[in-house]
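The structure under discussion appears below in the form of structure tokens.
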Amino acid sequence: MRGNLRYLIALVMAAFSFATYYCNRSTNEVTGEVQHVSMSADQEIALGLQAAPEMAQQYGGIHPDKAAGAAVERIGQQIIHSTKAGQTPYKFQFHLLADENTINAFALPGGQVFITAGLLKKLSSEGEVAGVLAHEIGHVVGRHSAEQVAKSQLTQGLTGAAAIASYDPDRPGTIANAAVAAMVAKLLNLRYGRQDELEADKLAVDFTVPAGYDPRSMIKVMEVLQQEGGSGRTPEFLSTHPNPGNRIQELQKEIAADYPSGVPTGLKQ
């Protein structure tokens, strides 16, 4: 009897998780993709603005070089004003972080975009900076953070249901089943992360050319990341970012598909 009740509770929990996830549907105005998200654009903007100061503080705050920060902002806004990203409700701001040692760039939901001084000094051209910022803009307009929240809620609900269904208090060894379920959920969410990275790369190819930048500069960025990664990289299937070498191949395919006759001339590299 106790086991049947446990299975019933697990079934109800799983059904509720599925229903909550799949009933929230919207079409992304930039990508055309049907997405399952529960946050509105205004909520994304508010969340990003709230988190921005704390995230900046983790990287030593905003860089004191105002000219360099203004250049990052100028490049980012040029991409926004030249592409569909500027037609979204998101409020984009671009920040140069003071951390000289960490090589990173990231975007918060709603349009707060950051690049560390450590990454900026590794880049050799304005086109490469544009490629990095366009990639992060892709994350924002792709609503990847909102998707991750919704997917995380789904997998957590299913993991909880699996744990309830599989755990038998009379057999303590079954608690291992819950640990396995939790690991599967984690790997699923990591897979979503890699897919988001590749979509952001694709959007960056779409965004750089209208803004006057050569999309092939992104390949140079990947080469920098590959060189900095060294030989001790985390295996790709346990990383939220695809291997830079694999991303180079995907970028080459996207650029060739978008410009079969060759990339337009006169673009900044």
Side-chain angles (χ1 to χ4, degrees), residues 20-21 24-31 33 35-100 102-120 129-154 156 189 192-193 195-197 199-201 203-204 206-208 211 240-241:
T20 301
Y21 179 75
N24 288 317
R25 291 169 57 90
S26 62
T27 300
N28 189 297
E29 58 193 44
V30 175
T31 66
E33 177 187 2
Q35 297 177 297
H36 300 281
V37 294
S38 57
M39 287 193 292
S40 68
D42 286 342
Q43 288 173 320
E44 289 179 83
I45 293 169
L47 181 61
L49 288 171
Q50 181 180 0
E54 181 179 347
M55 290 299 298
Q57 194 59 40
Q58 291 182 21
Y59 292 87
I62 300 301
H63 201 287
D65 188 337
K66 295 188 182 300
V72 169
E73 176 73 16
R74 173 182 59 78
I75 295 168
Q77 293 299 339
Q78 184 167 332
I79 297 169
I80 299 302
H81 295 148
S82 305
T83 65
K84 289 182 179 180
Q87 301 171 17
T88 68
Y90 300 118
K91 311 298 183 184
F92 284 93
Q93 292 180 302
F94 300 86
H95 311 279
L96 176 60
L97 297 171
D99 192 331
E100 299 274 355
T102 303
I103 296 174
N104 197 15
F106 57 91
L108 298 177
Q112 299 298 308
V113 178
F114 299 84
I115 180 173
T116 63
L119 174 56
L120 185 63
V129 177
V132 171
L133 298 182
H135 172 89
E136 299 306 331
I137 293 167
H139 279 307
V140 175
V141 301
R143 306 194 71 187
H144 293 158
S145 293
E147 279 192 311
Q148 285 287 353
V149 169
K151 289 171 180 175
S152 179
Q153 289 172 340
L154 172 62
Q156 285 175 5
N189 281 329
Y192 294 142
Q195 291 172 340
D196 288 346
E197 293 298 330
E199 183 177 50
D201 283 348
L203 288 168
D206 296 338
F207 289 162
T208 45
T240 57
H241 285 64

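Nothing here was measured: the structure is a model prediction, and the numbers come from that model. When reading the values below, keep in mind they use all heavy atoms of this one structure, side chains included, and skip hydrogens, waters and symmetry mates.
In the model, His95 has no side-chain atom that pairs as donor or acceptor with a side-chain atom of Glu73 under 3.5 Å.
Between the side chain of Thr208 and the backbone N or O of Gly131 there is no donor-acceptor pair closer than 3.5 Å. The closest donor-acceptor contact from the side chain of Glu136 to the backbone of Ala107 lies under 3.5 Å. At distances below 3.5 Å, not a single donor-acceptor pair connects side-chain atoms of Gln77 with backbone N or O atoms of Arg74. Of the possible polar contacts, none joining the Gln112 side chain to the Ala52 backbone as a donor-acceptor pair under 3.5 Å is found. Side-chain atoms of Thr88 come within 3.5 Å of backbone N or O of Ala85 as a donor-acceptor pair.
Val132 is listed as a side-chain neighbour of Ile115, based on a closest heavy-atom distance under 4.5 Å. A 4.5 Å side-chain heavy-atom check between His135 and Glu197 finds at least one atom pair inside the cut-off. With contacts defined as side-chain heavy-atom distances shorter than 4.5 Å, the pair Arg143/Tyr90 qualifies. For the pair Glu147/Glu33, a side-chain contact is recorded, criterion being any heavy-atom separation below 4.5 Å from C-beta on. Annotation: side chain of Gln57 is not in contact with side chain of Glu54 (no heavy-atom distance under 4.5 Å). Gln93 has its side chain within reach of Leu49: a pair of non-hydrogen atoms, C-beta onward, lies under 4.5 Å apart. Looking at heavy atoms from C-beta onward, His139 lies out of side-chain contact with Pro109 at the 4.5 angstrom threshold. Contact check for Pro89 versus Glu29: side-chain heavy atoms found under the 4.5 Å cut-off.
One finds the CG atom of Asp99 at 11.0 Å from the CG atom of Leu119 (value rounded to the nearest 0.5 Å). Taking CG of Leu120 as the start and CD1 of Ile103 as the end, the distance is 11.5 Å to the nearest 0.5 Å. In this structure, NE2 on His63 lies 5.5 Å from CG on Leu96, to the nearest 0.5 angstrom. If you take CZ on Phe114 and CD on Gln58, they are separated by 10.0 Å, rounding to the nearest 0.5 Å.
Residues Gln43 and Ser40 share a closest heavy-atom pair of OE1-N, 2.8 Å. Pairing each heavy atom of Leu203 with each of Gly138, the nearest pair is CD1-O, 3.4 Å. Across Ala98 and Ala117, no two heavy atoms sit closer than the pair O-CB, 4.2 Å. When all heavy atoms of Lys91 and Ile45 are compared, the closest pair comes out as CG-CD1, 4.1 Å. When every heavy atom of Ile62 is checked against every heavy atom of Ala56, the shortest pair comes out as CD1-CB, 4.3 Å.
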Q) Could you go step by step and tell me if Leu108 and Ser145 meet the side chain to side chain contact (heavy atoms under 4.5 Å, CB included) rule? A) CA-CA 8 Å; Leu108 298 177; Ser145 293; over 6 Å; no
Q.
Let's go through Leu97 and Phe106 carefully: what are the C-alpha distance in whole Å and the side-chain angles of both, what is the deciding distance for side chain to side chain contact (heavy atoms under 4.5 Å, CB included) to 0.1 Å, and is it a yes or a no?
A. CA-CA 11 Å; Leu97 297 171; Phe106 57 91; 3.9 Å; yes
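Results of the side-chain contact (heavy atoms from CB on, under 4.5 Å) test with Ile80 over Ile137, Val140, Val141, Leu133 single out Ile137 as the only residue that passes.
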